[in-house]
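Ligands are counted one by one from 1 in listed order, and the atoms in each one are counted from 1 as well.
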Amino acid sequence: MDNRQQLLASALVEHISVGTIILDTQLRIQYWNAFLERCSGKRLEDVRGRPFTQVFPEADTLYLHQIIEQARNEGRHVYTQWRDTPSLVRLTFERAQQNPLMLQSTLLFPFRIAPDDALHFGLVLYDTTDLAKSSNKLEAALQALSVKQTEQEQLIKKLEKANDQLLQSEKLAAIGQLAAGVAHEINNPIGYVFSNLQTLAGYVRDLLRIIDAVESAGGLEDLRQLKRSLEYDYIRSDIEALIGESEDGIDRVKKIITSLKDFSHIEEEEFHPADLHRGLNTTLNVVNNELKYKAEVIKEYGDLPDVECIPSQINQVIMNLLVNAAHAIEQFGRITLRTAHEGDWVWLEVEDTGKGIEPRLLNRIYEPFFTTKPVGKGTGLGLSLSYSIVQKHHGRIEVDSELGRGTRFRVWLPVRQPTPTEESPTPHE
Ligand SMILES: Nc1ncnc2c1ncn2[C@@H]1O[C@H](COP(=O)(O)OP(=O)(O)O)[C@@H](O)[C@H]1O
Ligand SMILES: [Mg+2]
């Protein structure tokens with residue numbers, strides 16, 4: 001360095017708003033700059049040669065001696081910051097009036113003028129109030145963020161619970177709806193079985209009269225006469241018809257009840273391999289009452305393996321799709337049920353010839369409570385719950401609809417549920 005550079009360097013040290021102190025190995029103050037004079041209120045002439053810890057008694061701590069040893073023995077730059085307590089030196093910085101905290105950081109490092117010259121320590125003290133402030137702000141922001149996150153997690157838990165409750169209440173609503181349909185379905189066969197029984201009771205009375213007459217009748221001709229007058233031949237053939245018809249009626253009731261039991265499986269909540277066609281058929285039996293006046297139902301089933309699922313939940317999805325299809329048909333139409341197996345996936349499809357869905361509504365139909373139906377007819381929950389059931393099964397729902405032509409919902413399900421660590425497979429198109 002030439003002379004001018006040296007002058008510039010020392011002018012810089014005098015003008016910089018950073019405290020700069022030079023200590024010898026005994027920690028005696030050799031030099032400090034104008035900034036330190038201003039902050040400490042002590043003049044350099046008065047402190048030169050005096051031990052640092054005498055001028056700043058508060059700095060005479062184990063900590064100071066530790067960092068001096070580090071700097072001396074390991075030749076290291078040792079940095080202390082405002083967070084470290086106690087702070088090394090309590091300087092009143094120029095603007096300390098506004099900020100009594102006097103946040104400061106220090107840097108202590110060993111140096112020599114030349115390799116064979118005596119060891120000195122440089123101690124640099126600077127005001128880090130702004131940094132500390134922004135760091136505090138940052139910390140506060142982080143803290144607020146973590147509070148927000150906890151709040152969000154709690155909210156998600158609440159939503160999950162609400163969703164479960166919705167699922168439960170939709171199930172109850174569906175069961176209510178079903179009960180009405182089933183009552184209607186059962187009413188008819190029960191009605192004619194009952195009337196058949198009444199007719200049969202009359203026949204039995206007549207037959208008993210004939211048998212009783214065996215004891216009292218005067219002769220065979222009297223008995224023949226009685227048989228003719230009671231239309232024995234007709235009774236005989238009608239009894240067979242009545243019994244056959246009643247058996248059919250009871251059979252229908254039995255079938256409906258079995259389907260209902262199959263459909264609900266209320267207690268079963270575990271995934272297990274199940275026959276989807278059986279689920280489709282029982283669901284069809286159960287909603288038959290809603291469908292039969294609205295559509296002809298066509299089954300186009302493919303070959304399906306057993307599919308790992310919660311059958312009662314899949315039945316509920318099928319039911320929602322079937323009921324929606326029936327609702328969409330204004331006069332009388334067609335509902336086609338299709339299934340197919342593709343690799344690790346199966347799909348089932350409900351297609352109707354109903355009024356279709358407006359394109360602008362297509363992305364809203366899965367929203368909870370979205371319905372275009374009059375109050376009392378639609379809850380707007382069917383598709384949103386179907387969606388969450390299918391999601392829980394790691395599958396997906398596709399919809400294809402044309403206004404005035406009809407709608408097709410396709411539900412893709414993986415044949416096997418992915419194990420928890422496995423990535424869920426993607427359906428191939
Ligand atoms: N097959 C379909 N044809 C026409 N529109 C449909 C069909 N399925 C669903 N939608 C539309 O999606 C809406 C939401 O269906 P959903 O969630 O089952 O509720 P909801 O049936 O109670 O209205 C229905 O109101 C209807 O507008
Ligand atoms: Mg619905």
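In terms of protein heavy-atom proximity, atom 21 (O) of ligand 1 is closest to K373 NZ, 2.7 Å. Nearest to atom 18 (O) of ligand 1 among the protein's heavy atoms is N324 ND2, 2.8 Å. Atom 1 (N) of ligand 1 has as its closest protein heavy atom D352 OD2, 2.9 Å. Protein heavy atom at the shortest distance from atom 23 (O) of ligand 1 is T371 OG1, 2.5 Å. When only non-hydrogen protein atoms are considered, atom 4 (C) of ligand 1 lies nearest to I357 CG1, 3.4 Å. Shortest contact from atom 27 (O) of ligand 1 to any protein heavy atom: T372 OG1, 2.5 Å. Counting protein heavy atoms only, atom 12 (O) of ligand 1 is closest to I365 CG2, 3.4 Å.
Under 4.0 Å from ligand 1, heavy atoms of L383 appear from its side chain as well as its backbone. Contacts of V323 with ligand 1, taken as heavy-atom pairs under 4.0 Å, are absent altogether.
Atoms of ligand 1 found under 4.0 Å from any heavy atom of A328, numbered from 1 in the order shown, are 2 (C), 3 (N), 4 (C). Set against the non-hydrogen atoms of G356, the atoms of ligand 1 under 4.0 Å away are 4 (C).
Among G382, G380, G354, A326, the residue whose heavy atom lies closest to atom 20 (P) of ligand 1 is G380. Nearest-heavy-atom check against atom 13 (C) of ligand 1 across F370, Y387, F409 picks out F370.
Side-chain atoms of S401 come within 3.5 Å of backbone N or O of I357 as a donor-acceptor pair. Here the side chain of T150 pairs a donor or acceptor atom with the backbone of S146 at under 3.5 angstrom. Of the possible polar contacts, none joining the E351 side chain to the T336 backbone as a donor-acceptor pair under 3.5 Å is found.
For the Mg ion (ligand 2), the N/O/S atoms of N324 include one lying under 2.8 Å.
For the pair K42 and F56, the cation-pi criterion (under 6.0 Å, within 45° of the ring axis) is fulfilled.
For H393 and F271, the ring centers sit closer than 6.0 Å to each other.
The number of heavy-atom neighbours closer than 6.0 Å to OH of Y234, taken from other residues, nucleotides and ligands shown, is 12 or below. Residue E240 places its CD atom among 12 or fewer non-hydrogen atoms of other residues, nucleotides or ligands, all under 6.0 Å distant.
Judged by distance alone, the side chains of Y387 and N320 never bring a donor and an acceptor atom under 3.5 Å apart.
Sorted by first then second residue, the salt bridge (Lys or Arg N to Asp or Glu O under 4.0 Å) pairs that include residues 291-313, not counting sequence neighbours, are E185-K292, E300-R338.
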